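Working notes, structure below.
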Amino acid sequence: MPVWIPVTIFAAFMQNLRFLLQRHLKVTTLSTGGATWARFLYSAPLVAGLVAVYASVSGQDLPGPAARFWLFVVSGAMAQMLATMCVVALFAHRNFAVGITLKKTEVILTALLGLVILGEAVSPPVVAAIGVGFIGVLLLSDPPKGEIALPWRARLFNVASGYGLASGLLFGISAVGYRGASLSLPEGDVFLRAAFTLAAATAVQTVTLGLWLAWRERGQIAKVLASWRVSGLVGLTSMLGSLGWFTAFTLQTAAYVKALGQIELVFTFLFSVFWLKERSSPKEIWGIALIVASIGLIFLGSL
């Protein structure tokens, strides 16, 4: 089995757990910005320490990034930060399972962005997957019965679907940006390049969002520090998940990594049903099933 497959599955599980913890912070303590910053603040020192230790133990020099690396890293870091905020905000409008599934439009968008930006073509099954996945998104984007009584366009283009599609686009940009950054490094093995890219991205995100909170939501900084028990777990799961994603992106095309990463939906429903005691409507289940079908088509295209 190629290494990128188990690494991606591990990353998807840790990402799902991290979103669950962030959801808890969002609905109990922190704002959208605060719950997002908790992820970066507590993971940044862990990643930096890991890079230093691994480089020393493995006897490798730290990579020397060029301007191309920083262009990819900054664009990926900003896109990921905004995408995370969209997902956290989405939880206020739809349940956990549907929220995560709407976010999963990223796999379709990542395939298109990878082709345009990195020139990484996808196979014919992916074209079919885009159509199947789009139908699933249409079903998921419609609010629950009785929630809103507006024309179909208002039911389709609503706040929840807007956050979901925006997060998918932004996560797609970040995936392509991180793969481009890791591949641009001139030296280091796969894990060192992935970890170094992650450390650079996390540092950019911690400083940028921290400055924003200090300017616009100063009280959130104190709340993030006070919630260190849960926020620290957010940082740990974020680091582990991101290391998995970055390593997989270094080994395989971003579109295929994201396609396999849709296994997160399985973890999502397990958490949603057995932990959060949430239920999805038949229409939402059909939408999720179609998106899972699109995952299968994309995965077949990678074989």
Side-chain angles (χ1 to χ4, degrees), residues 1-20 39 43 47 50 54 72 76 79-80 83-84 87 97 100-115 117-118 120-123 125-126 129-130 133 167-183 189-199 201-202 236-271 288 291-303:
M1 179 186 296
V3 175
W4 72 272
I5 292 179
V7 168
T8 299
I9 294 173
F10 171 78
F13 177 80
M14 297 308 299
Q15 176 170 282
N16 192 255
L17 182 56
R18 187 251 300 169
F19 273 126
L20 187 66
R39 168 192 179 180
S43 65
V47 179
L50 178 65
Y54 181 75
F72 276 123
Q80 184 185 36
T84 302
V87 173
I100 293 297
T101 306
L102 281 170
K103 163 194 165 301
K104 284 301 178 181
T105 55
E106 66 184 302
V107 68
I108 299 169
L109 298 167
T110 299
L112 297 175
L113 290 168
L115 175 63
I117 298 174
L118 299 179
E120 296 177 335
V122 292
S123 58
V126 174
I130 290 174
S167 70
L169 175 61
L170 290 166
F171 273 124
I173 293 172
S174 71
V176 172
Y178 290 151
R179 175 166 168 79
S182 183
L183 293 177
D189 63 20
V190 169
F191 186 78
L192 180 60
R193 285 185 287 138
F196 184 86
T197 302
L198 174 59
T202 308
L236 177 62
T237 54
S238 174
M239 180 195 73
L240 294 174
S242 295
L243 280 174
W245 289 123
F246 279 55
T247 302
F249 289 147
T250 306
L251 293 168
Q252 178 59 276
T253 303
Y256 295 140
V257 172
K258 286 295 186 180
L260 181 58
Q262 304 291 55
I263 197 173
E264 181 186 359
L265 291 171
V266 176
F267 304 137
T268 294
F269 275 97
L270 292 176
F271 279 124
I288 290 168
I291 290 181
V292 171
S294 76
I295 297 168
L297 290 171
I298 292 175
F299 184 69
L300 288 174
S302 67
L303 299 179

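None of the values given here were measured: they were computed from a predicted structure.
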Set of side-chain hydrogen bond (donor to acceptor under 3.5 Å, both in side chains) partners for [X], sequence neighbours left out:
{"X": "Thr197", "answer": "none"}
{"X": "Ser242", "answer": "Arg39"}
{"X": "Arg18", "answer": "Gln22"}
{"X": "Thr250", "answer": "Ser182"}

Residue pair Ala248 / Thr8: nearest heavy atoms and the distance that separates them: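 Scanning both residues completely, I find the closest heavy atoms to be CB-OG1, 3.4 Å.
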Non-hydrogen atoms of Met14 and Leu240 that approach each other most closely: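 That closest heavy-atom pairing would be CE-CD1, 3.7 Å.
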Leu50 side, atom CG; Leu198 side, atom CG - distance, nearest 0.5 Å: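 Between Leu50 CG and Leu198 CG, I get 8.5 Å after rounding to 0.5 Å.
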Gap between atom CD1 of Ile173 and atom CD of Gln80 - 0.5 Å precision: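 Between atom CD of Gln80 and atom CD1 of Ile173 there are 12.0 Å.
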Aromatic ring pairing Tyr178/Phe246, orientation class (parallel under 30°, perpendicular over 60°, tilted between):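 Tyr178 and Phe246: tilted rings.
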Once side-chain contact (heavy atoms from CB on, under 4.5 Å) is applied, do any residues pair with [X], and if so which ones, sequence neighbours excluded?
{"X": "Leu251", "answer": "Val3, Trp4, Val190, Thr247"}
{"X": "Ser43", "answer": "Thr202, Ser238, Met239"}
{"X": "Ala11", "answer": "Trp245"}

Please enumerate all residues that pass ring-ring contact (aromatic ring centres under 6.0 Å, His included) together with [X], with sequence neighbours excluded.
{"X": "Phe191", "result": "Tyr54"}
{"X": "Phe249", "result": "none"}
{"X": "Phe72", "result": "none"}

Any Ile5 side-chain heavy atom under 4.5 Å of Pro2 side chain: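 In contact.
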